[in-house]
Structure formats: C-alpha cells, structure tokens
Amino acid sequence: MDRVPAANGLSFRVGFTGHGGHLSIEPLPPVERPNRLRDLPDFVLPPAFPEETPETIKEYVKEKYLLPRLDEDVFSPQNAGRQWEFDWFDRAEIQPEPSIPRSVIVPSWEIPFRRKKSESESQRWEPQSVEVDISELAIGAQDSGALPRIVGPAKDFVRGSINNRPFRPGGLDNADSLGKIHPDGACNGEWAHELLHGGPTQILPPGFKDGLDLGDLKTHPLRWTIYENTSVEKSTPDARLNELSVQFDDLFKKAWEDDAMKPEEDGNVPEVETQMELPNESVQTETEKEFLAVDDAFKKEPSILDEILTAESAKSTLRSMGDTNIGRQQHKEGWAVTGSTEEIVERFHELVPDMALNFPFELDPFQKEAIFYLERGKSVFVAAHTSAGKTVVAEYAFALASKHCTRAVYTAPIKTISNQKYRDFCGKFDVGLLTGDVSLRPEASCLIMTTEILRSMLYRGADIIRDIEWVIFDEVHYVNDVERGVVWEEVIIMLPRHINFVLLSATVPNTIEFADWIGRTKEKEIQVTGTTKRPVPLEHCLFYSGELYKICENEKILPQGLKAAKDVYKMKNSSTFNGTGSYSGSSVANERAKRRESSSHAKQNKHPASQNTGNVSGSNWGTQINTSNKWGSRRSEAAIWLSLINNLSKKSLLPVVIFCFSKNRCDKSADNLTGTDLTTSSEKSEIRVFCDKAFSRLKGSDRNLPQVVRVQGLLRRGIGVHHAGLLPIVKEVVEMLFCRGVVKILFSTETFAMGVNAPARTAVFDSLRKFDGKEFRQLLPGEYTQMAGRAGRRGLDKIGTVVVLCRDEIPEEKDLKHVLVGSATRLESQFRLTYIMILHLLRVEELKVEDMLKRSFAEFHAQKKLPEQQQLLMRKLAQPTKNIDCIKGEPAIEEYYDKYSEAERYSNMIIEAVMLSPAVAQQFLTPGRVVIVKSQLVQDHLLGAIVKSPSSNYKQYLVLVLTPESPLTLENPSDSKDKKGADFQVLVPKSKRGLEDEYCSAVTSRKGSGAVNIKLPHRGFSAGVSYEVREVGNNEFLSICSKKIKIDQIRLLEDASAGAFSSTVQQLLSLRSDGNKYPPALDPVKDLKLKDLEVVEDYYKWTSLLQKMSESKCHGCVKLEENIKLARELKRHREEVNALKFQMSDEALQQMPDFQGRIDVLKEIGCIDADLVVQLKGRVACEMNSGEELICTECLFENQLNDLEPEEAVAIMSAFVFQQKNTSEPSLTPRLAQAKKRLFDTSIRLGELQANFKLQVDPQEYARENLKFGLVEVVYEWAKGTPFADICELTDVPEGMIVRTIMRLDETCREFRNAAAIMGNSALHKKMETASNAIKRDIVFAASLYITGV
C-alpha cells in the first residue's frame, strides 16, 4: 500500500486524568508555538514512518515509477484466482534470460540386469553422474524444445496454444528445412583459393558484416613449397562416405593439393618452387556441381547409411542384451526387427528381474517379448487377433511411465474405447481422460485420448509433450479408414524423437512394411512381435433350414459340411417346385436380389435412417424373401430368428452377438422377438436395478423417452440393441449389461466389434454383404475377421462359434473361402493434404510441407529407393561423355536430332491419317508423283518419284529414290556430264548423249506389257547421284510433294534404259535447284481435303520440320548415321540423369500438384501472403478442427453470425458437424433460411475457387459434403429450451445422431470463441459463450457411465 506522509505537527494534547491515570486527548488552539515536542509525554513512541527527506523521496519515486514491476491492482493473487496458475514471468516487462552453463551433470541410466550388484541387498542403486557438454544436450533439446522454448502458461500446458511452436518431429534432423543456410562465400571455397594465391588477409568471415581488426599484417607470399603426402592409407568405405560432405578444411586441402608435386622415386624430395597464378576457370566444373547437387540430395535422406548404422546398432544390441545368441537370431528388414522370441521367453525373468507391473497369469510369448523390449526403451509393434491380450503391453507401458515418473498416452480411434479404457485403467494407474467434450485429470501420468486430440496437441505445441515417454496406438489398422486414416500418419510423423511407440493392431499382411515405414520415418528401430494364434479357436457354421452345418475349422474349409447344406437346399427347392409349380432357383433368386438392391438403394437415398436394412441388403447370401405381404414377411423373419435362437440355446451357445449392417435392421430384428424371454427372475431384478440407477441421472421427461422405455423392455427379456442411433447413455447401459452376461442376444452393427471389448460365446452374421455408403459389396476378409473375433471368451469357452445365416441360398465355396480364410486387408496409406495441416506447417519455418509429404506412408517406397537412385545418379554423372566429331565445323547434330525426334512423334499419326487413307492413295499416289521416303540405313529422308502403283504382282509401290551413298551434287545436271563415276558403263556413250537425252525427254508411245524386267532393288549412278528403285509401302512415305515429273514406265522397268533413268534423276535434281532439299508438300486443306483440325496442325508442323531438316548441314552428311547414334545416346543419358534428379526432388511427390493448388487457394483468400507467411485469417483457420476450415473462416470474416441471435447462430453452425446426408427437410424461420443460403453460397464460391486452381473439387458436391442443414431446426429449438422428446418429433434423424451432433457442436462453439478472441471480436466471443451454455443441458450432456460409474 502507498506510504502515508507524516504530519507536520499535532493539533492535540495527550495527558493523564483522574486517579486511575486514564489517557486523555485535549484539542489545542491553532497557534504557533516555539517547540511542539514539549507537549508530548515521554512514553510516546516515534512516528510510524520516518521524516521525509529529499533522499527518501527520490528512493520512493524510483521504486514506484522507475523500476519494472507488476500492477498490484490488476495482477494481485486475489484477482488472478490461484497464485500458482498465474504466469508472472510472462507478464513481466523484462523477460528473465539466465545464461546457459557450458556443461551440466546428468545421471546415466542402465538397464536392471546390467547394474552392478551392491554389497548389501538393502542398498539402493544409484546411477552414476557424468559431465555433459551443453551443446550435446542442445541437439536433443531441439527435438523436445526444452531449451529453446520457454514453458507457456499453465492453462495451455495440456491443450497447447496456436501461438506455440510445434516440437521438432523425430527423423527430420537432416532435412533441408532444419539445416543452417551457409553463405555462398563459405560454401564454394573462393576464400581458400584467394588465400592460397596471395590474396589479402582474411579478417571478415563469409556472411559476417564485421570482422576482427588484426592490425597491419603482411601479405601472403606468392611462392609455396608444396609436397604431396604419399603416406595416406587406402580409403575405407567410411572414409569414402565422409568425402561426400564438403567442409571448409576439405576445400582448403583440395586447393592445396591441386598445386602439389609428387616426390621422386628415389625418396629424395627436392624443394620445388611453383609460381601461383590466379585460375582463369571457375573453381567448380560442371561435373563437380553435379556431384554437389547429388550430395545435397544425399544429405536429405540419411537412409544410405542404414547399413552402417545397422552394424553399429547390432553391436549395441549385443552389449545391451548381454548375450550374443539373442542378438544373432534377430532378423532385420530395414528398420523393422523380428525374431529371438525363444531366448527371451526362456530367460524372461532373468532379463527382466524387476518388472514394473506383475500380472496374475502367465504371459504369452509375444507379451514377454514386447515387455522385454519396452524395458530396453524400444518401440514395439504388436499384431495379434482380437482378445489375444494386446492390452497387456499397453498396461506395461503405463506402468513403466509411472515408474520412470514420465507420462504415457493411450490413443484410440473411437470415443467409446477411450471411455471404456478409462474405466478399466482407473483402479490400476493414475489415469486422465481427454476427449472432445471431456477433460478429466489432465495432470495424470497416464492419459487416454482420441487420436485427433493428440494431433491437435502436437500442432499447438502443448508443453505436456515434453513429459511423454510412450504413445500407445490402439487399433492401428484403422489407418485404412478413408476419412480419418490420415490422422494416424500425421501423428506418427509429428511425434518428437524422445517419444517411443507402442502399436497395437489386428493381424495384417504387411506388418513389417508398416513398421519399417515408421522406423525409417522416426529413425529408430521398431521391434515387431505378435501371434497369429487365436486364444480361443473358432469354428464357422452355416445356419440353413433350422440346422447348423460346420463349414470351417482351424482355418480350413470343410467341404462335407457345405455339401450337406447344399443337399438340403436342393431337396427343399425341388419339393417347392413340385408342390407349387414354380421354381425358386438361383437365377430367380439372383434377379429378385438385384431388384431388392435397386429398390433398397432408392429408399436409402430418401430415408437414410433405414439405410442398408437387412431385408433389402441386395444379396443372395442370407437376405429375406421379399413378398408383398408385410405381415407374412414379418412372421417368416420372426420364425427364422426363433429357430436360430432355440438351436443356439439347446447347444449352450448363448450369449450371442448378431451383426446386422443397418440400424433399422437391428431394431426390426429385436422387435420380431416379442415372445422371447431368456432371463431369470434374479437377472430381471439385476437389470431393473441397474437401469434405474443409470437413468436416475436423467430428469423426468428424459426418462420416459420412447427409446429409453423400449430398450429397457428389451433388456428385461435378455435382448439388446446396439447401434449409432441409440442415445450414448442407452448404449453404455446395453454394453455394461452385456459384459455382465445378463443380455443373451445382442443385435449390433459392426461398430460394436471395433469399439467395445465385450466377447460373446457366438457371433452371427445376418448377411455377408453390406452397404459401404457407395454400393452393396461383399464383406472383406479383414472385416469378417474383426467381427468374428468377438466369438469366444478367453478362460470361459474352449471354442468360439461363428454362424452365417442363410435364407434364400447357400453361398458358393469360393466366396466363403475368400471371406472366411482370405488374407486380411493390407495397410494402405490414406494420407491427404488438408488446409489446416498446411497452415500449421507454414506457421513454423523449421517444418516444411514437403517433409510431411515425403514421410507419409504413400511415399515410403519411393523414398526407400532414394539411396539406390543417388548412387545410380553418381555413377551416370561419372561416366565419360563422348564428343561428336563434325567434319563440317561446329557440331549441329544435336539440334538436327531434336528435330528428327520431334518429327517422329508426328509421323505415326500422319501416316495413319493421310498415307494409309485409300482416297489419298488413289488420287495422289500415282506414277510421276514426287514423294519423300524414309531411309532404311541412315536417319535421313530420301527424295523420289513413284514409278509404278501396286498391282497383282507387286503389292507395294515401285519408287525411284536418290540415295546418299556418294556425296550429293547440287549443281545443274549439265555441269556433271564431264565427270566419270564408278558406274560409268551404264550410261549412254558421250557421242550420243545429247540425242539420247532428247529422245528420252518424251514418254514412249508404245504400249508396254506391264512386266518388270529389272531386279529389285535396282541401283545405279547417274548425273553424279546414286539412285535406287525399290518397293515402298504406304507407311514408308513421309510426305507427298505437290510436284509431278514425267515417267517413262516402259523404258524404266521393261527396257532398263540408262537414258530413262538419267532423265528421271535429272528431273528430281531440278526440283531442288532452288536451294530447298525437298519440294513443297501437298496442302492438307486445299489438296488433301483434311477435316480434322488437329491433324491439319500436326501436318503443317511435320512438313515444316522436314523442310528444316533438309536445310541443315547435317543432312546428307556421310557421318550422319554415326553422329545420330551418338546424339541419341547423349540425349538418352541426359534424359536418364534428369529423370533421376526429378525422382529425387520434391516435385516428384504424388501430392505435389495438389499442394501447389491449395497454396494458391490460400493465397487467393488471404490466409497466407506471397511469401507463404500465415496471416490473421490463416491463424483463425488453424482453430477450426471440427468443420471445414475454409468455410468456417469465411463465415467468420464475412460476419455471417453477427446479425443472428445465439440460438440462431448455433443452429446454423450445426451444418458444420452434422454428418447424415439425407434427412427430412427442416422448417426454418426467414432469418435462418437467409443465413443458410448465405453460407451455402459461400461454400459454392470456395468450391469454384478450388476448381479454378485445378483441384479435383466439384463446387456443388463440395458444398453438399461439408454443409448438411438437416438439424438446423432441431438445434434451434433445443437451444431455446425445448424438451428433448419434442425435438425428436421434428426430424427422422435417430436420437443418438442428434446427441452426437450437439455434443460436437459444443466443441465448435469453443473453436469459434477462440477464433473470435484472435480476431478481436468481443461480441462474437460472448455470443459463442451464450450459445454453448444454451445447448449444454439435460440428456445431451449426461455424464458417461464409464467415467462416473453407476
């Protein structure tokens, strides 16, 4: 409190009155007295505060106003609630930054069986302490963020904050995005060469602004005495690997050795003075740059060192195991390690003497192996069937976390599993629960949460991540889920390096592959263990016509049981045919089944609540006979169920879980058993008492809901129903009573097999077909195995029974074999990019989206091949390149070859469209037509003329072509008459040459016989040019020229006249006398009359290329063929190198185009700027987890909720979280209808924007998938206070779906409230708080029975 300044004087007198000495105060007149202290008695104490002096005033002002301190009125403990929850350091004006010590003392931990035994048993083991350099700890701190980041406020300890930086994921240590960027001068070695060649003193390090002032130093001398060290040993593989990295010392050494001289052989090394000259060439050649580029790619992926790391890890394994036999038996495939089970099982108690948790039963071999590796701090992958005991491994991880004073996280795909595990672990461990709507004891050491919550914690950098030692992934095979499978991959990639994995999965074929991906991603070994043996063996039966037929046992099909069932089927159908005159064979049943499928699909589109009903499952496998009489159909259905239940009851096969693949089918099947009562009086009493306790937490109107009353009636008779349409509290009551054994029959959908650990004696399949949201299909083997695994209770049953119900037909043996004993579904990547993922990664510079893409399961195989591709690229770059020797000066063969290759791409289509056309051949390919023919020997095109069209004797054209065997003479024919060639004897004598030429200029008038008297191919030499007459097919014509020449067919083919050949050759040569190699081709439009525009364009390009090739100096060169082959090799080599570089780059990632499109969308709407910096809009989008982030963000920034009341706002927001596609049309108020249209138009605009950026998005489909307005009216009435029973009458949506939507809506309100705080919209923040309070009431938010107990 403030000081009270002392008074200048006192205006009263103190004295004693009476005999008792009472103290009295007498007022004094305000007169000035010389000394006031005389009036005070001697026993009065000095004043409470000393007298003010200039020094004390200065001290007070300094302390009050100059020194940094907190405002006591605002930041007092009373105003902050609890003092220890207040972040004093964060509020201080000056952030305390203590200096980090150079070294610290840390304890070293040893596994129990390697610890030295103490002299006395009671003495406790204490770890040895070692001094560690702080830089070594900083490397690990970069992963956990312990040193670089200050711990945030306590309120963000568990959930994190959007302002926090995510922790560095494990396995990204060597990524480019995390590496330091060195300046150019530090990397290219220029400073080293400058120093060696007499440059100035190096006082300014590359990249620094200022350097050291070393004073006046002398310049380095220009003469060096350098020797090469010949004592260097031969490099080892490790040394060769180290050579791949370029360091400053390496550059200095390389520059030194470039000028070194080898010593003389006699051992005397004379001093040699060499003059240092500045190099004229660049420091790095192109080849060296290529190697450095490969080196950069090599640094991206450390996988090339796997083999070396494996050897070292194997050595450490042997040391830590203490026994070489166990390590020798391990089999490693990449990062997944298997084997050595027998040794661990035999010596388990010796290897693990002090277990963190003791079990009251003997552990299975795979459990012992997993526990052994957990004790060693290894990550494990356990693959086993349902109820095999995988939870034991999870419990032991919890126990280790408690023992090590760390934390463990258990993640599950379904909220029901989380609640159930919380109840199971509550009595054993310090457990907390974190889901979307529940947060119980988040400070506990063992946390159970959904996978989405863990992903949010990782992205938001929750400080609790520092303390986590184990993350347990239950039901890992859920990674195959199309919608949510990406969450598992994101979490695995984002987890920091110090966290170990415990992965629990059903048996899948590619367990090793998936474990190898995780290990390679996180750079840690994954120990794979498990068992394919079921704890309770299964037998599979068919139920047909009131009897059970065993068809499979011990994973083997029994043909005799199937044959017996088919014999009964045939007998029944034959009697039906004889008695009624109609045959109900398989073909008729198939037709009926198809009609039922189509009708069911139509009904399902209209009424989704009844989708995939069992009686319209569209299958001939156990579907109900469709009749027009509903009452008769219901009686027939009830008779089948009664027959099955009586059969199972007689054989003591109860309790039973009956899997129906429709909510409506479950309800109808249970209602058909009206007269069935399977409980005793004591069980009825137990059920009644349990239900009364469970439903007592509901208010009066909610206890009388139709669903609650109906389910209680079924439960009293031992019949239960379990599906997503039930209220959460009703589902929990059914689950708990079934686990107690008082519910004998449970009709359930397949979610029961995934979400509840409640085995039964028998499992029944109503059908072997299901509707998966798109189509009716047969069950997958993995789905059947998951549900069939609920049959057989460990410790109670020796064998479990699985029954397939058959109504119309007996399934084929091959179909049964595929479903019953087929291979389970492989784990496949469902990784996809989302906007919120991109924004979270862009928010932190150290993390790149490309790193996330490269480490996804989808890119695993491509990334695994990178080391091989890197080595292959290095070998290709090291290959010596051949030089092209050109006899005509500068080589131009590469340019010529590019034209030739491009022309080849057009040739096939042109030949097919033009040359092979009968109309073109008949009209233009006639004798005398000048054509261009493809050469058979060299990559050149030959000019020729058609001599004869195809006939009965010759199926192809006879063409005279000019061949390039001899150098071409492009002068006029008269200039070459004086020249004699090798074939001069075939020419006309010189004395008669003029007359012969004149004679042959005209075509002979005599009629020929049509015979060909020359031997094909006919070669000759005339006018200095070689020619040849050959057969040519249509596909060998490259071009049809517009020119024609005169052809004397009789003299050429029958007489073989040399003068005729000479005349023809001269005519062809005259066509090129104008400088063009080829005459112009026929016009595709005017001459050939082509109609296809694309063909016309290609034809023009093709003829243009041919003309350019003819003008090249390479055309007709004697070395053309040799150089073409060399150019082809060089281009192929260059393409292979470029292809390898592309495959190793980020551009080769499968989802890279999608990523670029999404980046453009985020830029367009303003979430990020041109430099990829996340803006305010992007920070708001990061808060949107429950709805589509773009639509939610645009809704906020367009202020679409501002003019709505809280009840109306929360009603419109229900469109973000409601999932059912088709519902009855809600009745909306005008304001709600307007808000609905406004939001739908926004989603259409966003869909069109994404489509414009080449994303595979249909705007209408995008809007329908992300906005479903079916519960707007229901939520509006609920927020206004309408009872739950009344709002259920407003829609055909099941009660359970309504509750689930409203519960998720509360989470959406919280997200919108946080977004409003970021935006600074206080009105919206308050509105969201009001809306959240309005919907949180009654049965919708009734506490879970698993959490509170009954």
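Only heavy atoms go into these numbers, but all of them, side chains included; no hydrogens, no water, no symmetry mates. For clarity, every value in this text was computed on a predicted model and none was experimentally measured.
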| query | Nearest 0.5 Å, what's the CG-CG distance between Leu746 and Leu737? | reply | 10.5 Å
| query | Any sub-3.5 Å donor-acceptor pair from Asn646's side-chain atoms to Leu642's backbone N or O? | reply | yes
| Distance-minimising heavy-atom pair for Phe1341 and Met1303 | CZ-CA, 4.0 Å
| Exercise: identify the closest heavy-atom pair between Pro1294 and Gln1220 | CD-OE1, 3.8 Å
| message | Checking side-chain polar atoms at under 3.5 Å, does Thr674 have a donor or acceptor matched by the opposite partner on Asn672? | response | no
| request: For residues Tyr1346 and Asn419, report the shortest heavy-atom separation together with the two atoms involved. | output: CB-O, 3.4 Å
| Flag, side chain of Arg761 to backbone of Arg793, donor-acceptor distance under 3.5 Å | no
| field | Side-chain ion pair, Lys663 and Asp667, N-O less than 4.0 Å | value | no
| message | I want to check something: taking the side chain as every heavy atom from C-beta on, are Leu705 and Glu1295 in contact at a cut-off of under 4.5 Å? | response | no
| field | Check ion pair Arg807-Asp766 (N to O, under 4.0 angstrom) | value | yes
| Member of Lys693, Met736, Glu735, Arg423 meeting the side chain to side chain contact (heavy atoms under 4.5 Å, CB included) criterion with Leu1345 | Met736
| message | Determine whether a donor-acceptor pair (N or O, by modelled atom type, separation under 3.5 Å) exists between the side chain of Asp481 and the backbone of Arg484. | response | yes
| request: Give a yes or no on this: more than 12 heavy atoms of other residues, nucleotides or ligands lie within 6.0 Å of atom NZ of Lys817. | output: no
| query | For the residue pair Leu820 and His540, what are the closest heavy atoms and their distance? | reply | CD2-CB, 3.7 Å
| Do Trp1278 and Ile1298 touch side chain to side chain, with heavy atoms closer than 4.5 Å? | no
| So, Lys390 and Asp474, do they make that salt bridge, N to O below 4.0 Å? | no
| task | For the residue pair Thr1348 and Arg697, confirm or rule out a side-chain donor-acceptor distance under 3.5 Å. | result | yes
| task | Report the C-alpha separation of Leu779 and Lys770 in whole Å, then their side-chain angles, then the decisive distance to 0.1 Å, and conclude whether the side chain to side chain contact (heavy atoms under 4.5 Å, CB included) test is met. | result | CA-CA 7 Å; Leu779 282 181; Lys770 60 174 286 189; 3.5 Å; yes
| said: Checking Ser1344 against Glu732: is there a side-chain donor and acceptor pair closer than 3.5 Å? | reply: yes
| message | Checking the side chain of Lys1268 only, and the main-chain atoms of Glu1265 only, is there a donor and an acceptor separated by less than 3.5 Å? | response | yes
| Rounded to the nearest 0.5 Å, what separation is found between the OG1 atom of Thr507 and the CD atom of Gln786? | 9.5 Å
| request: Take Glu637 and Arg665 through the test salt bridge (charged side-chain N to carboxylate O under 4.0 Å, His left out) and record every step on the way to the result. | output: CA-CA 11 Å; Glu637 185 72 11; Arg665 179 69 177 156; 2.3 Å; yes
| message | Quick one, Thr386 with Arg790, criterion side chain to side chain contact (heavy atoms under 4.5 Å, CB included). Give me CA distance, side-chain angles, the key distance, then yes/no. | response | CA-CA 7 Å; Thr386 304; Arg790 292 305 172 192; 3.5 Å; yes
| said: I'd like to know whether Glu683 forms a salt bridge (charged side-chain N to carboxylate O under 4.0 Å, His left out) with Arg717, so could you lay out the CA-CA distance, the side-chain angles of the two residues, the decisive distance to 0.1 Å, and finally the verdict. | reply: CA-CA 9 Å; Glu683 290 174 339; Arg717 294 187 285 116; over 6 Å; no
| field | Worked check of side chain to side chain contact (heavy atoms under 4.5 Å, CB included) between Glu686 and Arg688 | value | CA-CA 5 Å; Glu686 181 181 355; Arg688 182 184 296 273; over 6 Å; no
| field | SB check Glu775 Arg769 (cutoff 4.0 Å) | value | no
| note | Gly561 and Tyr549 have their tightest heavy-atom pair at O-CB, 3.7 Å
| Nearest heavy atoms of Thr1291 and Leu1271, plus distance in Å | CG2-CD2, 4.2 Å
